[in-house]
Each structure stands twice: as structure tokens, then as C-alpha cells.
Number of protein chains: 4
Amino acid sequence: MERLREEVYQANMELRDCGLVTATFGNVSGIDRSNQVVAIKPSGVPYGELSPQKMVLVDLEYNVLGGELNPSSDTRTHVMLYRAFKEIGAVVHTHSTCATAWAQAMKPLPCFGTTHADIFYGEVPCTAVMRDDQISRDYEEETAVQILETFKHYDYNQIPGVLVACHGPFAWGQTPHKAVYHSLMLETIAETAILSLNIDPGLKAIKRSLLDKHFLRKHGANAYYGQTGKE
Amino acid sequence: MERLREEVYQANMELRDCGLVTATFGNVSGIDRSNQVVAIKPSGVPYGELSPQKMVLVDLEYNVLGGELNPSSDTRTHVMLYRAFKEIGAVVHTHSTCATAWAQAMKPLPCFGTTHADIFYGEVPCTAVMRDDQISRDYEEETAVQILETFKHYDYNQIPGVLVACHGPFAWGQTPHKAVYHSLMLETIAETAILSLNIDPGLKAIKRSLLDKHFLRKHGANAYYGQTGKE
Amino acid sequence: MERLREEVYQANMELRDCGLVTATFGNVSGIDRSNQVVAIKPSGVPYGELSPQKMVLVDLEYNVLGGELNPSSDTRTHVMLYRAFKEIGAVVHTHSTCATAWAQAMKPLPCFGTTHADIFYGEVPCTAVMRDDQISRDYEEETAVQILETFKHYDYNQIPGVLVACHGPFAWGQTPHKAVYHSLMLETIAETAILSLNIDPGLKAIKRSLLDKHFLRKHGANAYYGQTGKE
Amino acid sequence: MERLREEVYQANMELRDCGLVTATFGNVSGIDRSNQVVAIKPSGVPYGELSPQKMVLVDLEYNVLGGELNPSSDTRTHVMLYRAFKEIGAVVHTHSTCATAWAQAMKPLPCFGTTHADIFYGEVPCTAVMRDDQISRDYEEETAVQILETFKHYDYNQIPGVLVACHGPFAWGQTPHKAVYHSLMLETIAETAILSLNIDPGLKAIKRSLLDKHFLRKHGANAYYGQTGKE
């Protein structure tokens with residue numbers, strides 16, 4: 001558990017150092033699949049006061065496993081994603097500026113270029129707005145319900161992030177570090193997309209063949225980017 | 001008084017460190033309600049030269065209580081807010097870029113998302129433009145008059161900030177630290193709102209049920225965010 | 001002369017530290033009126049390699065007074081401004097992003113708020129585009145000619161800056177430090193103005209009475225801002 | 001080779017320090033023309049882990065000359081540019097935000113001002129979108145084919161950069177340092193151009209006479225900018 005806490009702590013600090021956090025908005029969690037334990041940032045604690053020991057451990061039924069601190073108020077969203085997306089090892093939530101701007105506009109983020117296509121295999125979807133009956137139930141669980149509803153039509157391994165309507169982005173990955181990376185790239189492509197629309201308000205997504213080429217040169221059986229082939 | 005000065009000094013430095021200050025624009029004050037004394041940043045002194053001792057003490061009739069420095073030229077606005085808003089402990093004024101852009105556009109900042117709803121219970125109002133007869137009277141007092149006129153229709157405890165038309169934002173809170181936090185969040189949501197309008201120029205505010213849910217999970221009797229429940 | 005060089009050097013570094021400089025674009029000069037000597041940044045030298053001794057001294061006929069380095073390629077523009085604007089002590093030229101965007105758009109910067117009105121007594125004018133016969137003469141002198149032509153209709157003491165069409169901003173002041181401050185404020189209001197137009201594309205300048213109030217509370221016989229009255 | 005590696009390493013770090021790099025996107029290469037050897041950043045290695053020794057050496061037939069690391073996945077694009085543009089000594093590729101926004105919008109970057117004209121002698125072209133038959137061949141080679149096709153109509157010595165449609169910018173120069181400088185200036189003018197279009201959506205490029213004046217005062221036989229004439 002110490003290693004998980006350390007890794008989740010480091011990823012939370014990385015999130016802040018990337019400029020993705022305003023005040024205490026933003027949190028990273030990670031899961032130890034063999035023990036079914038999730039480590040997550042405590043709720044409302046300033047980043048400067050965090051430490052590995054302050055990462056809160058919870059099980060998949062939301063029980064806090066020791067410690068004095070409340071887990072992030074978004075914990076139930078994280079945990080439900082772990083239950084549904086069996087292959088992910090970490091979840092990140094931010095209110096990063098440009099991705100949040102898209103979420104607030106309630107629009108999917110179109111794939112306008114190869115930076116996007118390198119990470120996300122097509123548009124990053126935006127959930128439906130939460131219905132009133134959902135809001136009156138468990139809000140954080142229903143946030144996950146919104147996401148899972150949306151991913152009936154997408155592959156979470158190929159699109160490691162989502163825009164929650166009127167709220168902000170979630171991203172995930174195999175490790176806390178990778179999930180933070182996906183959050184950073186989501187913010188980056190969200191910003192570039194807004195600027196591209198400034199230049200051409202009628203801009204359309206790139207063609208399928210280009211999307212395929214870029215995503216598949218970094219992912220899947222025939223990937224050839226990075227040092228992987230040498231290791 | 002030393003503790004108040006220290007707290008107000010720290011909050012002024014925090015304001016600068018958040019990137020909310022250009023040159024000497026921006027000031028924080030705090031009030032000691034039991035002694036009816038306000039500590040405020042001196043006028044036109046560079047942030048790098050401030051110290052707790054340089055915070056100027058004034059009473060609620062604007063009298064300077066000792067010291068060599070003039071208080072901020074906005075002192076009368078701060079003091080009038082303390083007289084009218086009995087439950088606040090601190091006031092912040094900035095010319096932060098995006099909140100000022102909304103103030104200059106003379107438009108209330110609509111609630112486009114949950115980041116906004118977490119802090120402000122609905123739109124952040126914009127005052128009317130100051131009338132010529134007001135300008136010819138005491139300008140800084142009339143700035144407060146504008147704000148108080150506007151808050152006949154809003155609850156200052158639920159909307160801890162305002163846009164003064166053609167000028168810039170004021171925010172407040174129970175402590176100097178919290179008032180700075182509200183200033184920072186006002187700037188953040190002002191920026192995100194501009195970007196959301198870039199994506200969808202016809203965007204409308206979020207629905208009431210979502211606003212209620214987000215504001216009330218952090219505020220009021222049933223709040224469950226942060227560590228409060230454990231302390 | 002050493003004091004002038006030191007002051008001009010410090011102001012050049014301040015310009016960079018304010019974020020107003022990209023690569024080697026941007027320069028500050030100052031004048032010793034009693035000796036009719038101007039100190040100016042050398043041409044094309046990286047900011048990290050500057051020192052007070054590297055500031056180049058020139059007289060008002062453009063003669064370099066000793067030293068190994070060429071003065072800034074904009075020297076003739078600076079010098080002509082000193083000859084025409086008798087009360088200024090320093091000139092700053094930058095290609096700062098937002099002020100340059102207005103200059104490239106060939107539009108005066110309207111006064112949309114009190115931040116602007118605190119420094120510039122009305123719109124910051126934009127020169128005419130340089131005519132071909134001017135371009136074929138001494139380009140840097142003609143840049144000053146453009147500015148001086150424009151200021152037939154403005155008071156350089158009340159509007160301490162200008163946008164040179166298709167090029168970028170110049171600002172001035174009584175000291176190098178103040179001229180840098182005017183450059184910084186010009187960039188700030190240029191940015192805020194673009195954002196205000198994003199929110200309301202039809203926005204008009206603030207009314208005269210508000211402009212008068214703000215400019216005159218910081219400038220002229222009845223100014224009451226800052227610590228001046230105490231010194 | 002050690003000097004080349006050192007120079008290429010320094011330029012890669014400079015690229016990051018300029019803020020042109022997000023995550024591992026972005027790479028600099030340099031060529032030793034006498035030995036026909038190119039040094040280039042390794043693929044997918046974080047900037048903080050780079051060293052001169054990790055720069056990968058390749059020949060002009062793409063053979064890696066020793067070392068354990070894979071060269072940048074963009075190596076073939078760099079090498080083909082060296083083969084075609086005989087006078088360049090370095091190539092830089094980034095996904096810098098604003099230049100990428102133009103590339104994604106598939107539009108050439110018009111010359112809106114003298115900052116642009118100081119570096120690029122006219123618009124920075126945008127390539128055609130890659131055809132499907134190209135995508136199915138060697139993608140990185142075809143990226144160079146796109147660029148070379150475009151430069152049939154431009155002079156690579158006078159326009160040291162290009163926007164690759166749906167992808168991002170490439171820039172080049174006589175040294176790694178200069179190529180990084182061109183990348184930085186391309187990002188700068190791309191940003192300013194977007195802002196100028198915000199102010200005036202119908203803005204046109206500057207006139208030819210002004211373009212000539214600015215480009216030619218820094219380049220070619222009659223250049224008079226900087227310290228060159230003294231050295």
C-alpha cells in the first residue's frame with residue numbers, strides 16, 4: 001500500500017506542477033487491483049500540505065481503510081470507474097481551464113489534429129447533462145453513471161478521457177503518471193482546438209485515415225514510437 | 001491588531017502570488033469586528049516593499065489610526081462594505097484580467113458550470129454604471145453605493161463577489177485568506193466562461209437543480225466537502 | 001553617465017522580467033537632459049548578456065559616444081521622440097503580444113475601463129500606415145515621424161504611449177522605470193480590451209465623466225492616489 | 001560529433017525552456033555537413049532525462065550510428081529536409097500551441113506585422129493535407145514530401161518554417177540555436193495573428209514595401225541590424 005500511496009502522491013504533485021490545478025480543484029487516485037484498494041487525495045487539503053501518508057485508502061465499497069482524513073468528495077466517481085473499466089490503474093479529475101470550457105459548452109472535443117490523434121482515437125465525448133432524478137440521488141455516483149452511459153459508444157482504452165457536461169474533465173490510464181499525462185494532453189488539445197476554431201469557425205475533424213495512422217503508430221500491436229521496442 | 005496586520009499582509013502577498021495583481025493594482029483588507037478596526041494595504045506601494053507593519057489601520061469613519069502611510073485609495077469602498085455586510089471579515093479588490101474584462105463589458109458573469117456553482121450561488125452580478133452625480137461626489141464611497149444597490153437583489157453570503165461596471169471585481173469572505181480565494185475563483189470562472197462562449201456563443205447558464213446541488217454540497221447545513229466534519 | 005546607464009540597464013531587465021520581451025525584441029532608453037545624452041540598449045544582444053556598461057551612449061544627432069557596440073536599430077526613433085517630447089525622460093519599445101495585436105489590426109485601443117483611464121487619458125492612438133515614400137527614406141526616423149504626426153491630436157503627457165501601425169507599441173515616461181510601467185499597463189489594457197470584445201463585440205468606450213475622474217485622481221493638481229502627499 | 005551532440009542537446013533544452021514543448025512533443029536535430037551525420041533527440045524520452053550522450057546519431061540513409069536509443073520518430077522527416085535544403089544546419093519540430101492551431105486550421109499564416117516580416121519573408125505556408133496513398137506509405141517521409149512540395153513555391157532560406165496541415169510546425173536554420181529561435185518566433189507571430197484577427201476578422205497582410213523593408217534590414221547584403229557589422 002505504501003508504494004501505491006507514494007505513486008498517487010507523486011502524481012497529485014505532478015498534476016499541480018503541470019498547471020492543471022486551481023486551488024484544491026483536482027485529484028488523482030490509483031488502484032491496487034490485487035488487493036482491491038484505491039488510494040486517493042484527501043478532500044479539500046491544500047497541495048502544499050499533502051504527503052504520501054495523507055493519501056486516503058478506500059475499498060471498492062467506499063469504505064475508508066484507516067486514517068483521519070476524508071477522501072476526495074469525488075471518490076465515488078473514481079471507484080465506480082474502477083469497477084467498470086477493469087483495465088485502468090488510475091483516474092484523474094481536474095477543472096483545467098480549456099477542457100472545462102468544452103465541458104461547460106456541453107460539446108465533444110473534435111479531433112482537429114495529430115496531437116489529439118496521438119492520444120485519443122477520435123473525439124473526446126461529452127456526457128449528457130445530469131437529469132434531475134440523478135442529481136437527487138448520490139451525485140458523485142451519478143457522475144460515474146453519466147460517464148459509463150457515454151462509454152457504451154466508445155472504447156475507454158482508446159479514449160482515455162471524457163468531458164462531464166457542465167462540470168469538467170476526467171481522464172484515466174494504466175498508472176497515475178499516465179493518467180496525469182492524459183489529463184495534460186486533454187487540456188492541451190482543448191486549448192489548441194479553441195484557437196483553431198478562432199481561425200476557422202467552421203473547422204471539421206481530420207479524416208479517418210490520418211486519425212488511424214497517428215493513433216496506431218503509438219498504440220496497439222504495430223506501435224513504433226518511443227523506446228519500447230528496445231526494452 | 002498585530003495579528004490582523006499579519007493576516008492582511010499575508011493575504012496581500014498571496015494575492016500577488018496567485019497572479020491576480022498587475023503592478024500595484026489590487027488590495028486586501030481585513031476587519032477586527034470587536035475593535036471595529038480595519039487593516040488595509042497602503043496606497044501605491046510596490047508589493048515587494050510591503051510588510052505587516054506597513055498595513056494601515058483605519059476605523060469605520062475612515063480615520064487613520066497612526067502610521068505614516070496613506071491607506072489604499074479604495075479604503076472607503078472597503079469600509080462601507082464592512083458597515084453594510086455585517087458578516088464579512090475581509091474584502092479584496094483586483095483588476096484581474098478576465099473578471100475585469102466582464103466588468104468592462106458591463107455584463108453579469110453567468111453560471112456556466114460547477115466550478116462556478118461551488119463558490120457562487122448563481123450569476124456574479126455587475127453593478128450599474130456610475131451616474132454622473134455619483135462621480136461628482138466621493139468616488140470611492142459611490143463605488144460601494146453601486147455594490148450595495150446591486151446586492152439589494154442578491155445575498156452577499158451566497159455570492160461573495162461582484163463586478164463593478166467599467167472597473168473590476170471586488171470579493172469578500174470571512175477571512176482575508178478566504179476573500180483572496182474568492183477573488184481567485186472569480187478570475188478562474190471568468191476566464192473559463194469567456195472560453196466557453198468562444199466554443200458556443202449562445203451558451204446559457206446551467207439549470208437550477210445543478211446549481212443547488214453544487215453550491216449546497218459545499219455550503220450550509222448539509223455541506224459534506226472537505227475535512228470539516230472531522231474537526 | 002554611469003547612473004543613467006545603470007538606470008537604463010535596470011529598466012531593460014525589468015522589461016524582460018515583466019514578460020514583455022520575446023527573444024531580443026524590446027528596448028529601453030533614457031536621457032540625461034542636462035548633457036543631452038541618451039543611453040540605449042545595444043542592438044541584438046541577448047538580455048542575459050547585458051550589463052550597465054553595455055548600454056550605448058548616443059547624442060541627439062545619433063552619434064555614438066564611445067563603446068564597441070551598435071545601439072538598438074530603433075535608436076533614431078527614440079532620439080526623435082526625445083527631441084519632440086521635451087518633458088519625457090525615457091522611451092520603451094516592445095513587441096508585446098496584445099498591444100502588437102492592436103497595432104497589427106491598425107486600430108486605436110479604446111478606453112473600456114478604469115485601469116486604462118488610470119494611465120491613459122483616452123484612447124491610445126494608432127499611427128497611420130507608413131507611406132511608401134517614407135519607407136524608402138530613413139525607416140527608423142520615419143517611425144518617429146508617424147508618431148509625431150499622430151500626436152498633433154493628442155497630449156503626450158496624458159497619453160504616454162502609442163501603437164505604430166503594423167508594428168507595435170512605444171511608451172514613454174519621466175524615468176526608465178515609469179516608461180516600463182506604461183508599457184506594462186499598455187499590454188495589460190490591450191489584453192483586457194480584446195477579452196471584453198470577446199464578451200461584447202459592440203462594446204463602446206467609457207463615458208467622459210468616468211475617464212476624467214479616474215485619470216485626474218492619479219494625475220495633475222488634484223491627484224490623491226499613492227504616497228505623494230506625504231513625501 | 002561530440003560538439004554536434006552538445007549543440008543539439010542544448011537546443012533541445014532551450015526549446016523546452018522557451019515553453020514550446022508539451023510533455024515529449026518537440027525535437028531538435030542538427031547536421032554535420034562535412035561528415036553527413038545528423039544528431040537528433042531520442043524518441044519519447046522525457047526532457048529532464050536527456051543528455052548530450054543520449055542524442056542519437058544517424059546518417060542520411062536513416063542508419064543509426066551506434067547507441068542504444070531509438071531516434072525521434074520524426075527522424076525521416078528531418079533527414080529528408082537536410083537532403084533537400086542544402087544550406088540548413090538544423091531542424092526543429094514542435095506542437096507549439098498557436099502555430100499548431102494554424103496548422104490544424106490548414107491555413108497559411110499571413111504576415112500581419114513587422115515582427116513576422118523580420119523573420120519570415122511573407123506568409124508562412126501550410127502544406128496540403130496528406131493524401132491517403134501517402135499515409136499508407138512511410139508516414140514520416142511523406143511529411144517531408146508534403147513540405148518539399150509546398151516549398152516549390154517558396155524559398156526555404158527566406159521562409160525558415162512551415163505549417164504541416166493537421167499536424168504542427170517545422171522550422172529550420174543554420175544552427176540548432178537559430179532553428180529554435182525561428183520556432184519561437186513562429187509561435188509568437190501565430191499567437192499575435194490570432195489576436196489581431198480577434199480585433200479585426202477581415203484583416204489583410206501588410207503591404208509588400210513594408211515587408212521588404214523589414215525583412216531586408218535584418219537579412220541579405222544590406223542588413224544593418226545587430227552587431228554583425230562590428231565583428
Side-chain angles (χ1 to χ4, degrees), chain A residues 14 17-20 97-98 109-119 177-178 180-219 222-231, chain D residues 21-26 42-46 49 54 56 64 67-74 94-110 126 129-140 142-143 163-168 190-191 193-198 201:
Chain A
E14 199 185 341
D17 295 344
C18 286
L20 296 178
T97 312
C98 296
L109 176 58
C111 180
F112 285 148
T114 61
T115 322
H116 183 128
D118 278 337
I119 314 289
H177 173 74
K178 279 195 185 159
V180 170
Y181 177 68
H182 294 154
S183 287
L184 174 61
M185 292 314 299
L186 181 49
E187 177 63 12
T188 300
I189 60 177
E191 181 182 10
T192 317
I194 292 172
L195 292 169
S196 289
L197 286 176
N198 257 272
I199 299 168
D200 180 0
L203 191 62
K204 301 288 177 225
I206 62 170
K207 60 183 177 178
R208 185 76 203 187
S209 52
L210 198 54
L211 172 62
D212 285 348
K213 177 65 193 178
H214 263 266
F215 187 77
L216 301 175
R217 76 171 185 161
K218 287 203 177 180
H219 305 269
N222 298 309
Y224 59 90
Y225 178 86
Q227 303 300 333
T228 323
K230 290 282 177 87
E231 287 165 5
Chain D
V21 170
T22 298
T24 61
F25 287 87
S43 180
V45 175
E49 297 172 16
K54 287 188 179 160
V56 183
V64 176
E68 304 268 314
L69 296 167
N70 291 332
S72 165
S73 61
D74 298 307
T94 78
H95 288 208
S96 70
T97 313
C98 296
T100 299
W102 282 93
Q104 291 191 164
M106 297 169 281
K107 291 199 188 303
L109 175 59
C126 185
V129 175
M130 203 182 277
R131 298 186 314 274
D132 286 359
D133 64 290
Q134 292 182 289
I135 295 173
S136 65
R137 289 202 290 269
D138 184 304
Y139 179 78
E140 287 73 26
E142 296 297 329
T143 298
L163 305 166
V164 176
C166 307
H167 186 160
E191 181 181 12
I194 292 171
L195 292 169
S196 289
L197 287 176
N198 258 271

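Side-chain atoms are counted along with the backbone in the values below, which use heavy atoms only and exclude waters and symmetry mates. Just so we're on the same page: letters track the sequence lines, and every chain starts at 1.
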Proximity breakdown for H116(A) and chain D, heavy-atom pairs closer than 4.5 Å = neither
request  = Examine whether an atom of V129(D) lies under 4.5 Å from a heavy atom of chain A, and if so say whether it belongs to the side chain, the backbone or both; otherwise answer neither.
outcome  = side chain
key: Proximity breakdown for T100(D) and chain A, heavy-atom pairs closer than 4.5 Å   = both
message = Quick test of your reading of the model: are E142(D) and K213(A) salt-bridged, counting only N-O distances below 4.0 Å?
response = no
task = Let me know if Y181(A) has heavy atoms under 4.5 Å from chain D in its side chain, its backbone, both or neither.
result = side chain
inquiry  = For I194(D), which atoms come within 4.5 Å of any heavy atom of chain A: side chain, backbone, both, or neither?
reply    = side chain
remark   = When every non-hydrogen atom of S196(A) is compared with those of A101(D), the smallest separation belongs to OG-O, 2.9 Å
key: Proximity breakdown for T188(A) and chain D, heavy-atom pairs closer than 4.5 Å   = side chain
key: Winner by heavy-atom pair count (cut-off under 4.5 Å) against chain D, out of D118(A), I189(A), L197(A)   = D118(A)
ask   = Given a strict heavy-atom distance threshold of 4.5 Å, which part of L210(A) is in contact with chain D: side chain, backbone, both, or neither?
value = both
query = To the nearest 0.5 Å, how far apart are NZ in K107(D) and CG in L203(A)?
reply = 8.5 Å
remark   = Closest non-hydrogen contact found for H167(D) with T115(A) is O-OG1, 4.4 Å
ask   = Could you give the distance from NE2 (H95(D)) to OG1 (T192(A)), rounded to the nearest 0.5 Å?
value = 10.0 Å
message = Heavy-atom count check: over 12 atoms from other residues, nucleotides or ligands less than 6.0 Å from K178(A) NZ?
response = no
inquiry  = How close do R217(A) and S73(D) get, counting heavy atoms only, and between which atoms?
reply    = NH1-OG, 3.8 Å
task = For residues 190-211 of chain A, pull every pair meeting salt bridge (Lys or Arg N to Asp or Glu O under 4.0 Å), keeping only residues two or more places apart or in separate chains.
result = K207(A)-D132(D), R208(A)-D212(A)
request  = Supply the atom-to-atom distance Y139(D) OH to L216(A) CG, rounded to the nearest 0.5 angstrom.
outcome  = 12.5 Å
